[in-house]
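Throughout, protein chains are lettered first and strands after them, A, B, ... in sequence-line order, and every chain is numbered starting at 1. What you see is a predicted model, and the numbers here were worked out from it, not measured in a lab.
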Protein chains: 2
Amino acid sequence: MNQAIETVDQVPRAQDTKERILDAAERLFADNGFAATSLRQITAEAQVNLAAVNYHFQNKETLIRAVLHRRIGPINKRRFDLLDALEFAAGDSGPLVLEEVLRAFLLPVMEARTSCPEMRHWPRLLGRLYTELHGSLMEMFQKEMAPAGQRFTAAIQRAEPGLTPEALAWGLHFGIGALAHFLAAGELLRFISRGTVDPDDHLEALGFLVTYMTGGLRALRSQNKETAQ
Amino acid sequence: MNQAIETVDQVPRAQDTKERILDAAERLFADNGFAATSLRQITAEAQVNLAAVNYHFQNKETLIRAVLHRRIGPINKRRFDLLDALEFAAGDSGPLVLEEVLRAFLLPVMEARTSCPEMRHWPRLLGRLYTELHGSLMEMFQKEMAPAGQRFTAAIQRAEPGLTPEALAWGLHFGIGALAHFLAAGELLRFISRGTVDPDDHLEALGFLVTYMTGGLRALRSQNKETAQ
DNA sequence: GTCTATAGTGGGATAGAC
DNA sequence: GTCTATCCCACTATAGAC
């Protein structure tokens, strides 16, 4: 009742304009990509005036930046919480388990789609990000991801000491690619599996991806031992 | 000498207009993506009149289709030749080696960049393809890739009989993602590895990717055994 | 088959009233 | 902060001369 006092007849304006723009942009960018989404589509979906975009954000690039920035922090916060718990449990000298480290990295992205509603577009958005962004946007993203990259690189290193830094970089890159491709083009999986796999079951996907990445990284570690002579 | 008789002062017109458009489009699509590349850029680079595009191809979508179609055949031909050789060597009942099957699938794409000049943009183009194409274009690509998909799925199945069809689909999907991400965003690898890895060395990449995919698929096979009870 | 010219559309951005 | 109206630009596609 209370909440209605100030918003009678304002149903479509319940949220702040700025946030409504971000919400609409997030969904459209995720579904259609950055280049293919026009500001007009965004303002139409947000039920907001076209000029509002240029008022609240200077231009389209800054809007993209804002859309990404809003989500990166919470996702990485969750990652760090999970990794903190693993490291605490392992103590100063105990071992870290590769599967669990990878799960801590991947779970926040996977669960985003289902757990909290306002996060549900992030996975697809992330999938698009890697192939569509260039220049300053990519640099901005790399800067925001650098701390997570460093902490998880170190954790994987600790879990699998046999991995050289080069092999770890390759493995991480391949894993991110597998993740991004699944998030952006999960529907292909329906085709590949002839309908027997449901790509919308993200927890199942998490299990398969953790297994796959673990196997891939351990194989890179073993190969390295062999060629080390 | 002979070849100059008819082409004096025709240096920029040495090639057929249609093919020059395809060449320019291929490079620009690979570098900037499909949506972000304009027909004007293409005709400018091809040193061809703007209207020529709509004369030789009806519209932009058909041009994209033609660019893709021109390369898929030869790549898959090479794949089949390599797989034929493996299957011949293995005979009717002998085993296939997973590493070799994957190498037969990946080598033609990797070597495309370096071996024959006119193929050098295909890898990046392929990387873009999976995340940028929709609807009819994606269907067309799937249709052209279906035979290769079926043959290699069967070969992997033969190499690793323990893999369930579902696990194989997941593994293949992840592997394609790793490949596409490497091809489209290889520069990220420089960043992740802090400059110690050169993503332009495609033969090195092939080795790492074969190892990674092999390890991932074998891990999926083992996991399946465990959960089979 | 190749060109010029242009139609027709939709985009990002802004000026200026309210 | 919000709106209308509009500028200016780039794009795809086509018409029609040569």
Side-chain angles (χ1 to χ4, degrees), chain A residues 6-68 128 132-137, chain B residues 6-68 128 132-137:
Chain A
E6 288 197 20
T7 58
V8 175
D9 254 334
Q10 296 258 349
V11 179
R13 288 293 138 86
Q15 267 177 288
D16 186 24
T17 296
K18 201 169 173 179
E19 212 148 329
R20 312 245 319 281
I21 293 174
L22 286 173
D23 289 342
E26 185 172 43
R27 189 193 75 77
L28 287 163
F29 286 152
D31 282 350
N32 308 323
F34 300 102
T37 300
S38 71
L39 297 186
R40 286 175 159 80
Q41 286 176 270
I42 294 171
T43 53
E45 166 143 341
Q47 288 180 285
V48 152
N49 191 272
L50 173 60
V53 172
N54 292 78
Y55 177 79
H56 287 286
F57 312 89
Q58 297 98 315
N59 48 43
K60 189 178 179 179
E61 170 162 336
T62 311
L63 172 62
I64 297 176
R65 196 184 299 261
V67 166
L68 298 175
R128 299 219 161 263
E132 244 195 287
L133 291 193
H134 340 258
S136 64
L137 281 170
Chain B
E6 288 197 19
T7 58
V8 174
D9 253 336
Q10 296 258 349
V11 179
R13 289 292 135 89
Q15 265 177 287
D16 186 24
T17 295
K18 202 168 171 178
E19 210 146 332
R20 312 246 319 283
I21 293 174
L22 286 173
D23 290 342
E26 186 172 42
R27 189 192 77 75
L28 286 162
F29 287 152
D31 281 350
N32 308 323
F34 300 102
T37 300
S38 72
L39 297 185
R40 285 175 155 79
Q41 286 176 272
I42 294 171
T43 54
E45 167 144 341
Q47 288 179 285
V48 153
N49 190 273
L50 173 59
V53 173
N54 291 74
Y55 177 78
H56 288 286
F57 313 89
Q58 297 98 314
N59 48 43
K60 190 178 179 179
E61 172 163 333
T62 312
L63 173 61
I64 297 177
R65 197 183 298 262
V67 167
L68 298 176
R128 300 222 161 261
E132 246 196 284
L133 291 194
H134 340 260
S136 64
L137 281 169

May I ask you to verify if any side-chain N or O of [X] is less than 4.0 angstrom from the OP1 or OP2 atom of [N]?
X: B:Ser38; N: D:dC11; answer: yes
X: A:Asn49; N: D:dG1; answer: no
X: B:Thr17; N: C:dT2; answer: yes

Exercise for review: Take B:Ala35 and A:Ala52, find for each the nucleotide of DNA chain D with the closest heavy atom, and name the residue whose nucleotide sits nearer the 5' end.
Suggested key: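 Counting from the 5' end, the first nearest nucleotide belongs to A:Ala52.
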Point to revise | B:Phe57 vs B:Ile21 side-chain heavy atoms within contact, under 4.5 Å | key: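 Result yes, sub-4.5 Å side-chain heavy-atom pair found.
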Point to revise | Test item: B:Leu22 and B:Leu63 side chains (from C-beta on) under 4.5 Å apart, heavy atoms | key: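 Answer yes - side chains close enough.
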Any side-chain to backbone donor/acceptor pair from [X] onto [Y]? Under 3.5 Å, distance only.
X: A:Gln41; Y: A:Ser38; value: yes
X: B:Arg27; Y: B:Ile42; value: no
X: A:Glu132; Y: A:Ala35; value: yes

Check nucleotides 13-18 of chain D against the protein and report each pair of N or O atoms closer than 3.5 Å, with its distance, or say if there are none.
| from | atom 1 | to | atom 2 | distance (Å) |
| --- | --- | --- | --- | --- |
| D:dA13 | OP2 | B:Lys60 | N | 3.1 |

Exercise for review: Measure the spacing between CD of A:Glu26 and CD1 of A:Ile64 and express it to the nearest 0.5 Å.
Suggested key: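 Here the rounded value is 13.0 Å.
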Grab the [atom1]-[atom2] distance between [X] and [N] for me, whole Å please.
X: A:Phe57; N: C:dT14; atom1: CZ; atom2: P; result: 15 Å
X: A:Phe34; N: C:dG12; atom1: CZ; atom2: P; result: 14 Å
X: B:Ile42; N: D:dA10; atom1: CD1; atom2: P; result: 17 Å
X: A:Asn32; N: C:dG10; atom1: CG; atom2: P; result: 16 Å
X: B:Lys18; N: C:dT2; atom1: NZ; atom2: P; result: 11 Å
X: A:Gln41; N: C:dG12; atom1: CD; atom2: C1'; result: 13 Å
X: B:Gln47; N: C:dT2; atom1: CD; atom2: C1'; result: 15 Å

Practice item. Determine, stepwise, if the pair B:Asn54 / B:Leu39 fulfils side-chain contact (heavy atoms from CB on, under 4.5 Å). Key: CA-CA 9 Å; B:Asn54 291 74; B:Leu39 297 185; 4.2 Å; yes
